[in-house]
J.: 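Pasting a structure here, questions to come.
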Amino acid sequence: MHDIRLLRDQLDRLREGMARRGKLTELQPLLDRADALEQARRAAITELEAQQARRNKVSQEVAQRRKAGEDATELMAEGRTIGELVSALEQKRAAAEAEVQALLFEIPNIPLDEVPAGDESHNAVVKAWGTPRADGASLQPHWEVGASLGMLDLPRGAKVSGSGFIVYRGLGAKLVRALMNFMLDLHTEQHGYEECWVPLVVTRDTMVGTGQLPKFEEDMYAAPADGLFLIPTAEVPVTNLYREEILDASDLPKALCAYSACFRREAGSAGKDTRGLLRVHQFDKVELVRYASPETSRQELELLTSQAERVLELLELPYRRVLLAAGDTGFSSAMTYDLEVFAPAVGKWLEVSSCSLFTDFQARRANIRYRPAAGEKPRFVHTLNGSALAFPRIIACLLEHGQQPDGTVTVPVALQPYLGRTTLG
RNA sequence: GGACAGGUGGCCGAGUGGUUGAAGGCACCGGUCUCGAAAACCGGCAUACCGGCAACGGUAUCGUGAGUUCGAAUCUCACCCUGUCCGCCA
């Protein structure tokens, strides 16, 4: 969420950012409306407070007369009139405020200057590591390898939960467990993250805090009887851990990581990438979250991204880093790198991580602040997060990239201790 | 799920309708004293918003939201959370 003051003070900057996202024509009427509403809101506040001040004076006068044993019925009547006026004005203020708020929720974050303008065709590959296998045509796709090795049972997953729900079995199930431990160990022991184990269902407030609601409600699984939502990523509970709190400057940067299952309805995805593990409703992921000071946050995006890349390097999977263009950058994000890994049999680059800097956009919404120094005013922190990494596509790539002529799959060295073997099959 | 008890400033804690933004204490900051420190003493010490160039003025905030009242931390209702006991359960 943006600061309302942005509408008054930095309208040009806001417009320019929306233009790079390709959203200006869509949002322009909204910006105009928000501007007008904001003025109305402030006018209502001024008037309301003037009447409240009057009411307070009258009440004090009543108290004094009472004390002196004088009659105050006239003043009490006046107070009653003012009271009615006050509640009318209060309603007016609340209505204007709710509307401004609703509009602000519709405006995405402003991309950093270095983020290229335009839609996804302007995404830029900024780094590449490793060499993808060139013999993809002769390889089995991961769903066939997984099935023949007894690791994946997609038909029965669909039977018990519907399409898009996976059952891992045997070495497949153990692989999930191995990936979880491998990634968490790496981030806690070598990258300085504190491990968290978090709830998979959260309240509406929490979903609003990180920006999933109110705009993307139809994409979320919900438990309406309890007013709870299933998390689409561990980012939601982890970033909200410090909601409504003021951190000490010495707490920054704060680095948290968490494994979690993630639930996504992904409305409208039918037909695209539906085979195998490419797009599923429930998946596993290790997530990195950082709280940073505004001065270091940009640099910390590089750090966080490199830490996600480290996972891929240790898994010996060729990848590339893509700087997303403004139009492809997520609603709350100011800058995002995607990491893509090549799945040779499928013949596609698969997104396995998305590392984002949210500047103060989430922090303002969730009210997460820090005090730069004793006695100074609190400021909003900058939040960052990135997957490191999402499991299903990694599993797909491991199964395709590691395939050998005899049908077995080699296990990357780093994973061998966790899996207790050097090959699958 | 049921029965009690309770939610007040960074922390502890007083306050049951009228200068209470809120006593007192702790912590913290500044000062006096001291070679220095501690102790003692003196002073300071919430946040957000509105108006104003500013000095400053005003409003709101005692878990959250509604209500009663001229006036609510204080009364009423609903909800949330915490504690204790009971029930149920992996």
Side-chain angles (χ1 to χ4, degrees), chain A residues 1-10 34-104 197-209 213-214 222-229 237 240-252 254 261 360 363-381:
Chain A
M1 185 173 69
H2 291 293
D3 189 340
I4 291 183
R5 276 172 290 201
L6 211 60
L7 286 169
R8 299 184 230 165
D9 307 338
Q10 299 193 55
D35 193 30
L37 277 168
E38 165 59 7
Q39 286 182 36
R41 185 186 73 92
R42 277 186 296 159
I45 288 174
T46 307
E47 200 184 342
L48 170 66
E49 291 186 350
Q51 293 306 323
Q52 284 174 323
R54 251 184 89 201
R55 184 188 60 185
N56 291 346
K57 279 220 174 75
V58 170
S59 295
Q60 280 181 16
E61 182 71 19
V62 169
Q64 279 178 9
R65 289 213 191 169
R66 280 256 180 118
K67 219 172 196 172
E70 295 169 20
D71 177 64
T73 47
E74 217 171 279
L75 279 174
M76 282 161 70
E78 189 187 348
R80 187 192 304 265
T81 312
I82 298 171
E84 283 162 9
L85 193 55
V86 164
S87 50
L89 287 166
E90 169 57 26
Q91 278 178 18
K92 198 164 144 192
R93 184 202 60 85
E97 192 163 296
E99 212 173 333
V100 172
Q101 184 91 341
L103 289 177
L104 282 174
W197 194 270
V198 293
L200 304 180
V201 292
V202 296
T203 62
R204 176 173 288 274
D205 285 347
T206 299
M207 290 291 258
V208 169
L213 297 184
D226 300 291
L228 296 172
F229 295 84
N240 275 281
L241 244 34
Y242 291 93
R243 179 153 50 91
E244 317 283 336
E245 293 193 33
I246 299 174
L247 298 168
D248 205 74
S250 61
D251 293 332
L252 301 180
K254 188 175 269 298
D360 61 2
R364 176 172 296 108
R365 211 162 159 135
N367 199 18
I368 307 165
R369 295 174 290 171
Y370 77 105
R371 203 179 293 282
E376 278 188 46
K377 285 198 170 191
R379 299 170 70 193
F380 290 112
V381 301

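Reminder, nothing fancy here: chain letters follow the sequence lines and each chain counts from 1.
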J.: Contact class for A:Val62 vs. all strands (heavy atom < 4.0 Å): base, sugar-phosphate, or nothing?
T.: base
J.: Identify, with sequence neighbours excluded, every residue that meets side chain to side chain donor-acceptor pair (under 3.5 Å) alongside A:Glu47.
T.: none
J.: Looking only at atom P, what distance separates B:C45 and B:A23, rounded to whole Å?
T.: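 Rounded to whole Å, the distance is 12 Å.
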J.: Determine: side-chain N/O of A:Arg42 to OP1/OP2 of B:G51, distance under 4.0 Å, yes or no.
T.: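 Yes, within the criterion.
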J.: Using the C1' atoms only, state how far B:G67 lies from B:G10, rounded to an integer number of Å.
T.: 33 Å
J.: Side chain of A:Ile45 only, please: which of B:G18, B:C49, B:U59 is the nearest?
T.: B:C49
J.: Strictly below 4.0 Å, N to O, side chains only: are A:Glu99 and A:Arg41 in salt-bridge contact?
T.: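 No salt bridge links A:Glu99 with A:Arg41.
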J.: On a whole-Å scale, what distance lies between the P atoms belonging to B:A46 and B:C29?
T.: 16 Å
J.: Starting from P on B:U59, measure out to CD on A:Glu97 and report it in whole angstrom.
T.: 19 Å
J.: Can you tell me the distance, in whole Å, between the CD atom of A:Glu49 and the C1' atom of B:C49?
T.: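 After rounding, the gap between these two atoms is 7 Å.
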J.: Mapping A:Gln60 and A:Arg54 to their closest nucleotides on RNA chain B, which lands nearer the 5' end?
T.: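 Closer to the 5' end of RNA chain B: A:Gln60.
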J.: Starting from P on B:A48, measure out to CZ on A:Arg93 and report it in whole angstrom.
T.: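 Answer to the nearest Å: 17 Å.
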J.: Between A:Arg42 and A:Glu38, is the closest basic N to carboxylate O distance under 4.0 Å?
T.: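 A salt bridge is present here (some side-chain N lies under 4.0 Å from a carboxylate O).
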J.: Can you check the A:Gln51 CD to B:A60 C1' distance for me, whole Å?
T.: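 Nearest whole value for this atom pair: 16 Å.
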J.: Give me the distance, rounded to whole Å, that separates B:U59 from B:A22 when you measure between the P atoms they each carry.
T.: 13 Å
J.: Over all strands shown, is A:Arg55 touching base, sugar-phosphate only, or nothing at heavy-atom distances under 4.0 angstrom?
T.: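 Since only primed, P, OP1 and OP2 atoms lie under 4.0 Å of A:Arg55, the category is sugar-phosphate.
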J.: Would you call A:Arg364 and A:Asp360 a salt bridge, taking side-chain N to carboxylate O under 4.0 Å as the test?
T.: yes
J.: Rounding to an integer number of angstrom, what distance separates B:G65 and B:U74 when you compare their P atoms?
T.: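 My reading of the P atoms in B:G65 and B:U74 gives 13 Å.
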J.: So, do A:Lys57 and A:Gln60 sit near enough that their side-chain heavy atoms are less than 4.5 Å apart?
T.: no
J.: Does A:Arg5 place a side-chain N or O at less than 4.0 Å from the phosphate oxygens OP1/OP2 of B:C49?
T.: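 Yes, such a contact exists.
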J.: What is the distance, rounded to the nearest whole Å, between atom CD of A:Glu244 and atom C1' of B:C81?
T.: 14 Å
J.: How far does the C1' atom of B:A73 sit from the matching atom of B:U8, given to the nearest Å?
T.: 7 Å
J.: For A:Asn56 and B:U19, is the shortest distance between a side-chain N/O and OP1 or OP2 below 4.0 Å?
T.: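 So the side chain of A:Asn56 is outside the cut-off, no N or O lying under 4.0 Å from OP1 or OP2 of B:U19.
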J.: Quick one: A:Asp71 CG to B:C70 C1', roughly how many Å, whole number?
T.: 12 Å
J.: So, A:Asp71 versus A:Thr73: side-chain donor-acceptor pair below 3.5 Å or not?
T.: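 Judged by distance alone, the side chains do pair up.
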J.: Provide the distance between the two P atoms, one in B:U16 and one in B:A3, to the nearest whole Å.
T.: 28 Å
J.: Just how far, in rounded Å, is P of B:C49 from CD of A:Gln101?
T.: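 Checked: the CD to P distance equals 14 Å.
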J.: Answer yes if the side chains of A:Arg55 and A:Gln52 hold a donor-acceptor pair under 3.5 Å, and no otherwise.
T.: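 The criterion, which ignores hydrogens and geometry beyond distance, is not satisfied for A:Gln52 and A:Arg55.
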J.: Is any NZ, NE, NH1 or NH2 atom of the basic residue among A:Arg65 and A:Glu61 found under 4.0 Å from an Asp or Glu carboxylate oxygen of the other?
T.: yes
J.: Using a 3.5 Å limit on both distances, find every run of at least three consecutive Watson-Crick or G-U pairs that involves RNA chain B.
T.: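 Counting only runs of 3 or more consecutive pairs, the stems involving RNA chain B are B:1-7 with B:80-86, B:10-12 with B:24-26, B:28-32 with B:40-44, B:46-51 with B:56-61, B:63-67 with B:75-79.
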J.: Starting at atom CD1 of A:Ile4, determine the distance to atom C1' of B:A48, rounded to an integer number of angstrom.
T.: 12 Å
J.: Say you pick atom P in B:G87 and the same atom in B:G71; how far apart are they, in whole Å?
T.: 49 Å
